[in-house]
Amino acid sequence: MKLLLLGAPGSGKGTLSEYLISKHNFAHVSTGNIFRKVIDENLEYADELKSYILKGLLVPNDLTNKIVKQELGELTKKYTNIVMDGYPRTIEQAEFLKNIFTIDKVIYLNVDSDLLVKRLTGRRMCNKCKKIYNIYFSPPKKDGVCDNDGELLFQRKDDDLSIIQERIQTYNQTTFLLIDYYKDKGNLIEVDGALSTEELHEKINSILR
Ligand code: AMP
């Protein structure tokens, strides 16, 4: 099954991806994670990526598409279940993806904007295993430390309030258009992103059946 997760920053795409990876053997394509790795390791394009991401802007389509094509080429050889998280974010990216990859279902996580801000400001991540916590809703057992591997948790630089507002605006102006795009194609499933973890998993399991 090839899934695409659509939703605003903070709608829970990353957390849902963790569930799909650990319980349903999905391979994960997250452009945000790929870009952060390039920046952390100071690889080619690191400075260019930083200049967009730290302003809450989208990375240009050409560069994003090139990176995704490369990643998908590797993964499709090895995995049948793939979840796309944070890509596509523009109609141009969706059109590009259509030519290289067939999506079975699009899950749109719909979340109220007040909740999005709280989820983003409270988000903490483990750099090693990528587990996502939230200091308000799902804190680690020990403050600032990952339950899985004891690594220190970090806050994403773009989870700063002024950048969050830009990111939500970018989403509303651009990525939001993809909801109608996929609705028209007939494979969009809207899910309430404020459901409890158990309810969300139940819903996702029914979609996968
Ligand atoms: P995310 O981790 O998905 O929230 O992505 C973090 C940031 O990376 C976004 O705010 C964008 O600046 C950039 N980014 C991630 N995915 C894309 C994409 N598909 N197109 C353009 N920029 C992206």
Side-chain angles (χ1 to χ4, degrees), residues 2-18 20-21 26 28-41 43 45-72 75 82-101 103 106-109 111 113 115-127 129-134 153-179 181-182 193:
K2 310 290 188 285
L3 280 184
L4 197 157
L5 303 185
L6 201 58
S11 58
K13 301 185 297 296
T15 307
L16 177 54
S17 297
E18 278 178 19
L20 291 166
I21 297 163
F26 271 78
H28 185 211
V29 179
S30 156
T31 36
N33 282 356
I34 297 170
F35 293 159
R36 277 184 287 281
K37 185 162 184 270
V38 171
I39 292 171
D40 287 350
E41 296 179 7
L43 305 175
Y45 304 120
D47 289 341
E48 191 180 346
L49 291 174
K50 234 188 286 180
S51 73
Y52 294 103
I53 294 175
L54 292 183
K55 290 193 197 102
L57 300 174
L58 293 181
V59 173
N61 290 324
D62 285 355
L63 178 56
T64 307
N65 288 340
K66 185 170 142 187
I67 290 175
V68 167
K69 189 174 179 185
Q70 199 174 331
E71 185 83 1
L72 275 178
L75 289 179
I82 297 180
V83 55
M84 308 285 297
D85 158 9
Y87 180 93
R89 265 174 154 97
T90 64
I91 301 283
E92 288 85 346
Q93 291 177 10
E95 288 286 303
F96 178 84
L97 183 66
K98 194 176 75 179
N99 293 325
I100 58 167
F101 193 68
I103 295 290
V106 179
I107 297 177
Y108 164 45
L109 293 168
V111 177
S113 63
L115 181 57
L116 290 178
V117 173
K118 202 149 188 208
R119 281 194 178 168
L120 291 165
T121 50
R123 175 159 67 182
R124 301 291 182 274
M125 242 172 127
C126 173
N127 212 3
C129 73
K130 307 293 176 215
K131 185 169 167 61
I132 302 166
Y133 297 87
N134 188 291
L153 302 180
F154 78 100
Q155 182 170 25
R156 281 172 44 172
K157 286 205 180 73
D158 61 346
D159 279 347
D160 169 272
L161 191 57
S162 64
I163 307 178
I164 287 172
Q165 278 154 354
E166 283 301 322
R167 289 163 63 207
I168 293 177
Q169 197 179 340
T170 301
Y171 171 81
N172 288 332
Q173 285 169 351
T174 311
T175 310
F176 193 72
L177 301 174
L178 288 175
I179 296 166
Y181 176 92
Y182 285 112

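Please read these numbers as outputs of a predicted model, since none were measured by experiment. These numbers come from the heavy atoms of this one structure, side chains and all, not from hydrogens, waters or symmetry mates. All ligand and atom numbering here is 1-based and tracks the order in the structure.
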Please list every donor-acceptor pair under 3.5 Å in which a side-chain atom of residues 47-57 meets a protein atom from a residue at least two apart or in another chain.
unit_1	atom_1	unit_2	atom_2	d
Ser51	OG	Glu48	O	2.6
Lys55	NZ	Ser51	O	3.1

By side-chain contact (heavy atoms from CB on, under 4.5 Å), which residues pair with Glu95, not counting sequence neighbours?
Ile91, Lys98, Tyr181

Set out, in order, the CA-CA distance, both residues' side-chain angles and the distance that settles salt bridge (charged side-chain N to carboxylate O under 4.0 Å, His left out) for Arg167 and Asp160, then state yes or no.
CA-CA 10 Å; Arg167 289 163 63 207; Asp160 169 272; over 6 Å; no

Determine the sole option in Thr175, Asn65, Asn61, Thr174 for which the side-chain hydrogen bond (donor to acceptor under 3.5 Å, both in side chains) test with Thr90 is passed.
Asn61

Which residue pairs pass the salt bridge (Lys or Arg N to Asp or Glu O under 4.0 Å) test with at least one member in residues 61-70, sequence neighbours excluded?
none

Starting from the N and O atoms of ligand 1, collect every protein N/O partner closer than 3.5 Å and put each pair on its own line with the distance to 0.1 Å.
unit_1	atom_1	unit_2	atom_2	d
ligand 1	2 (O)	Arg36	NH1	3.0
ligand 1	2 (O)	Arg36	NH2	3.0
ligand 1	2 (O)	Arg156	NH1	3.1
ligand 1	2 (O)	Arg156	NH2	3.2
ligand 1	3 (O)	Arg89	NH1	3.1
ligand 1	3 (O)	Arg89	NH2	3.1
ligand 1	4 (O)	Arg89	NH2	3.3
ligand 1	4 (O)	Arg156	NH2	3.0
ligand 1	12 (O)	Leu57	O	2.6
ligand 1	16 (N)	Thr31	OG1	2.7
ligand 1	16 (N)	Gly86	O	3.3
ligand 1	16 (N)	Arg89	NH1	2.9
ligand 1	19 (N)	Gly86	O	2.9
ligand 1	19 (N)	Gln93	OE1	3.0
ligand 1	20 (N)	Gln93	NE2	2.9
ligand 1	22 (N)	Val59	N	3.0

Within a reach of under 6.0 Å around OH of Tyr108, are more than 12 heavy atoms found that belong to other residues, nucleotides or ligands?
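Atom OH in Tyr108 is packed in, count exceeds 12.
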
